[in-house]
Every structure is written in structure tokens, then in C-alpha cells.
Number of protein chains: 4
Amino acid sequence: MAGSVNKVILVGNLGNDPEVRNLPNGGKVVNLSIATSESWKDRNTGERREKTEWHRVVIFSEGLTRVAESYLRKGSKVYIEGQLQTRKWQDQSGQDKYSTEVVLQGFNSNLTLLDGRGDNSGDNSGYGGGDGGFRGVRDNGGGGGGGGARRPSANAPAFEPGGMDDDIPF
Amino acid sequence: MAGSVNKVILVGNLGNDPEVRNLPNGGKVVNLSIATSESWKDRNTGERREKTEWHRVVIFSEGLTRVAESYLRKGSKVYIEGQLQTRKWQDQSGQDKYSTEVVLQGFNSNLTLLDGRGDNSGDNSGYGGGDGGFRGVRDNGGGGGGGGARRPSANAPAFEPGGMDDDIPF
Amino acid sequence: MAGSVNKVILVGNLGNDPEVRNLPNGGKVVNLSIATSESWKDRNTGERREKTEWHRVVIFSEGLTRVAESYLRKGSKVYIEGQLQTRKWQDQSGQDKYSTEVVLQGFNSNLTLLDGRGDNSGDNSGYGGGDGGFRGVRDNGGGGGGGGARRPSANAPAFEPGGMDDDIPF
Amino acid sequence: MAGSVNKVILVGNLGNDPEVRNLPNGGKVVNLSIATSESWKDRNTGERREKTEWHRVVIFSEGLTRVAESYLRKGSKVYIEGQLQTRKWQDQSGQDKYSTEVVLQGFNSNLTLLDGRGDNSGDNSGYGGGDGGFRGVRDNGGGGGGGGARRPSANAPAFEPGGMDDDIPF
DNA sequence: TTTT
DNA sequence: TTTT
């Protein structure tokens, strides 16, 4: 059908670190779990109430998987633009299940980090010290990798799709 | 949480007439099934391929339920703005199920009919027959006279929420 | 700056045929003038009132210029996604002027024709029959009438940016 | 015209404190100047380049003027949803001028603060002098310091338009 | 599971 | 004029 639009826009926080899966063909897929919340005052009780919605986000776009993996962490606030997709699958007992996800793939997808200062505990003055930018985000002690997001814009890659292999996207 | 956004924008066609349910309290809920499609040329085979996604839309907003009930029919093309919501329920065997829906409720929802059949000069039959509305898409063989919807905009009600009881919304 | 979004979404009708300009480098730019309207009932007089807003749209994206040129005509209804841009220029008397436009350029732009059956004169029954519907395109040879685009989707090109040179985009 | 949509979505930072004007009728209008920026790597020089776009935003919605006045300051990051409007006016020399603005008015407008600076415990310096930052809320009495707004959501008022006069909006 |  |  011509003439259709399928767009989701979310601004919310990650409930967990991104889950990265490697594909057979060398590519990657990143899954995010994003919370959006609303709060309102109950008309009857006058109490303040709040409801959180959890969104499953799946990133296929190459540039965006990299950004997600490099800069997003549990708690990060992001702007996301993708499309709705419902997937059918079978659980272990053979039952049909359906999952609706927000898919970032191809053009008209976007992912922008909105909290340049993660869970900075210390001083955040200056923003622009030696390394030039966000440091934040959970280089949380322990082993391994360690985070250190810096300049999180997923727009850039889209302008030069092939330009990220040998360069930082900013 | 402050600072979150949960928005879905769809432009697509109804796969069926709207399903209207009356609530105990006198209100109504309308369910729509909307298709969006994408087509692309397969890089390998060169064939044109197409994929259709079906969206379950639930309308609670009073003004919009009325518009949906009055002006939408199978085949209608609509612009919809709502938010994502996942609902948990039990099927007859007691199994947990989840359904993700696009909910139109409260402010920041929108529903606009896009196939006003603009400058219909000729026959409009089929649109307004017995059932009083668009049935979609030109099987316009048969009889039925008929009027047909005319000015289908769900914006108006939003500007004066109580103003529709005694007036056509356009 | 990281972390910003600049997005405009319009659904409206062309006030004129697209204006196509050829660039020195062989490229093209297409300008559209798009009307959106709102109507509401005046709270005081009870009269129905309407206000039309005109939007200047500028298309740089190669795939979309082609779609615009080929399928859009005065009166066409389109879905457009672009970004706001204000341009400074001097009028003939040297006065500074500013124009704000909706620019379609690069990723995250979209243009989708919403009235697939423009001024179809012939039968369009069925959607699925032999030719299955929209055939459209460019019979704009000679004089007179012109136009009548029908199967207008600018999504396709985006999926295979180079794929349109030798093929109809649907 | 039925069937049109006019929507602008911005995520950006305020270049200045909000400008509040009182209307004859007791209402208020708030003007914001919001920057969005893009950066990309120049294909030729390889340099990183950046372009900032400034948007004039005008808030008429009662609930949103209050939120803007209370919680926004120079530097604040906001999510904004409004519509495009071009206004004609005469400058002092009688010349016609046009200004295009993003108007927040009525339903389908939104304003959400994105840098809650949450539970700033420490220093907030840098944000604009004197008192540094959001003071927000209910110029609650007397003195000094000021606390740092925290829960800035413009959604709430929309759910209960009249509910803010005697309560904090969150 | 996030955030406020 | 912001932000990085």
C-alpha cells in the first residue's frame, strides 16, 4: 500500500544496560528497555498517581547499534524514533506468542541521548575538560569494559553512513 | 516520571469497520484495526516486496469515539496520534497474554480522516447507504443512495469538548 | 550540540504544482506550497470558522525531488516530514528578509502521497486486480491536462537510494 | 479543509530565560527561543561542522505558560510539541514582515522539561546567575535560595486543566 | 527494570 | 542567545 506512515517517538529512560547480540553475518542487534511514565492527580482521591509503560526497542541500524552500545546505560534518557512491529514466535511449549516492538531500522529512525551527564556524582562543571564532553555514565567500577559515553548523537552517522568505521561519530 | 514522551503516529487504512463497545457508565470505546505497509525492491531478486503491519487502536476520547463511529469505515484512510500501551490479560485457558495497543485518550491524541473524497463530483454511492458511511473503496456497484460523511475532522471537538452533542463537528 | 531534535510533520494539500529548479551541479530542488487548515466553532457567535496556514517546503533529497516532480500536482494531499530552517536573504532593495521553510534533506525526511486516486478517471476497482490499482505516473507529455499521479510513495527510494534511476519506484 | 496536520516537534535548549507577557485579559503569553543543532563531518575537509537553528516558540496554553514560567530557564533542555504559524506584522517603517513561530495552544501541544537536574544536591552554578537555575514552583513565600525545581511535567495540567491553581503540578 |  |  502506498501512503502509509508508521512512526513511534519515545523519550524515556533505560531500565537496563543495552543488550547487544552479535549476528552470524557480523552485524549486531541491540535491545533496549525504555520506560515512559505519566503522572496525574486522581480526581476522586486527590492523590497523585503514576503509571509507567515499558517499551521494547530493537535497533538494527548499524550506526545506531554502535551509538547505543557505546553511549547508553541503565538510566540514560533517550529520544527514539522508530516504527511499530509485531513479531510472532513460539514459546517453549509451542504456544504462539506475539511481541510488539519499536524497531529502529533504515531511514527515518533516530536515537539521541538526552542526558549528557548520566549519573555524574561529582562535579560536572565545565563540560568541556580534557576529553571534551560527557564523561558520566557508569564506568561502574568493576571489571571489564567500562563505559564512558561522550558525544552521543546518532544523527551524524546517518549523514555519512559509511563514515563511522574509523572514526568517532562526533 | 517527568520528562517522558510516548507517541505513535500512524497513517493507514482500516481493515474493518470500527468496533464500538458501550461501557457501563454510558461511555463508548472504539477499536480500530489499521494497516500500514511498506514496499521495497529486493536487493537480490530485484522483486518488489511488500510487508503489511496491523495495528490495534483503542479510542477512549469521547470526541474521537464519535468521529470514529460516524465517519470511519473499512478502507478509510486515517491519521492517528496516540500512545503505546501494553495490556496484560488471561486467555480462556488462564494463560497470560500481552497486547500492545495504540491508545487515543486525553490530550495529545488525534484522529483525522484523510480520504474525504474531496471533490467528488460524481457518484458517491456506496459511501452513504443504509449504514450511513464510508464503506470504503469503490465497490460502488450497487444501489444505495446516500449521503456520506462530509467534513471529517476530529480536531474540532478537541477545541470545544462539550460542543458536539448538538451539532455536527464541522 | 548533541541531543536535539528538529522535526516538522505536515499533512496538507499543494496549493500549486511543484516548482522544480535545476542546480548547477545537475541536482534539483523542488519547492512546494502546502496548506493546512483548522476549523472550529466560534464560542461567541457559534459560527464555524476556519484558518489556513501555508507552508513553504523545500526538497533537496534526491529521491524525494523525483517523487515530488513525478507524482505531486496542485491539490495533491501529502504527508511530509522535514525540519525547520530559517534562511536570511536580501530583497531587491537590500532589506534583510527571513524565510522559514520546512526542509526535506537527508535522513529523517519523508514524503508520502496520500491521495492515491487523484483525478483517476478510470476504474480503480479492487486494488488487487490485474493491474491492481494505481498506475499513474507522468503522462505529462503534451499540453493540457497533465497530471494525475497515483501511486506515490517516497518511502521506497529511501530504502535503496540508488535504485530509482532505472525503475519506477513501485 | 478537513484532513490536515500541522505539527512541530523540537528538542533543544533555551537561549534565554522565558519572556513572559501579561495580556489585558489577565492571561499570559510566554516566548521561548530554542536552539537545535546538528553536527556532521565535512566530506571534503573531514572537519567536524555544526549548525544551530533558532526557533521562536510562543506559548498560549494556560497550563503550559505556567510551567514555562516556573521551570524553564536559559539553558534548559525541553521537548516541545506545537504547530507552525506565520504571522504578518509591520515594522516601524511600515514594511511588511513575516515571522514564523512554533505555537503551543490548545490540545496537541506539549512541553516537557528534559533536564530535571533531578535531585541536584550540590552546586547548580552556571545556569544563569543569581539564583542559579530552576526555582520553580509557587513563589512560595519569602526568602532566599531556592530550591531547584524537580518535577516538571506539563502533561499533568492537560489532564485536569483547572487543577493547578492550588497545587503543585506534580 | 528507569526516572521524578 | 543555548548546548556539546
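Below, all heavy atoms of this structure are taken into account, side chains as well, without hydrogens, waters or symmetry copies. Note on naming: letters A, B, ... go to the chains in the order of the sequence lines (proteins, then strands), and numbering restarts at 1 for each one. Not measured: the values here are computed from a predicted model.
Evaluation of the salt bridge (charged side-chain N to carboxylate O under 4.0 Å, His left out) rule for B/Asp96 yields B/Lys88 as partners, not counting sequence neighbours.
You'll find a donor-acceptor pair under 3.5 Å spanning the side chain of D/Ser33 and the base of F/dT1, going by distance alone. For E/dT3, the base has no donor-acceptor partner in the side chain of B/Ser4 [N/O atoms by modelled type, under 3.5 angstrom].
Residue A/Glu19 contributes atom CD, which lies 10 Å from atom C1' of E/dT1 at whole-angstrom precision. Atom CG of A/Asn16 and atom C1' of E/dT3 are 13 Å apart (whole Å). One atom, CG of D/Leu10, and another, P of F/dT3, lie 17 Å apart when rounded to the nearest Å. Rounded to whole Å, the distance from CD on A/Glu53 to P on E/dT2 is 16 Å. Atom P of nucleotide E/dT3 and atom OH of D/Tyr79 are separated by 22 Å, given to the nearest angstrom. In this structure, the NZ atom of D/Lys77 is 10 Å from the C1' atom of F/dT2, given to the nearest Å. Straight-line distance from the NE2 atom of A/His55 to the P atom of E/dT2: 15 Å, rounded to whole Å. Across the protein-nucleic acid pair, D/Lys41 atom NZ and F/dT4 atom P stand 23 Å apart, rounded to whole Å.
D/His55 and D/Ser33 are not linked by any side-chain donor-acceptor pair at a separation below 3.5 angstrom, with hydrogens and angles left out of the test. Checked by atom type, the side-chain pair D/Arg48/D/Ser39 shows a donor-acceptor distance below 3.5 Å.
The side chain of A/Glu50 approaches E/dT4 more closely than any other nucleotide in the set E/dT2, E/dT4, F/dT2. The side chain of A/Lys74 lies closest to E/dT1, out of E/dT3, F/dT2, E/dT1. If you check E/dT3, F/dT2, E/dT1 against the side chain of D/Asn13, the one that comes closest is F/dT2.
Taking a cutoff of 4.0 Å between a charged side-chain nitrogen and a carboxylate oxygen, A/Lys28 and A/Glu69 qualify as a salt bridge. Between A/Glu50 and A/Lys41 there is no salt bridge, since no side-chain N of the basic residue sits under 4.0 Å from a carboxylate O of the acidic one.
Centre separation under 5.5 Å together with a plane angle under 30° holds for the ring of A/Trp54 and the six-membered base ring of E/dT1, marking them as stacked.
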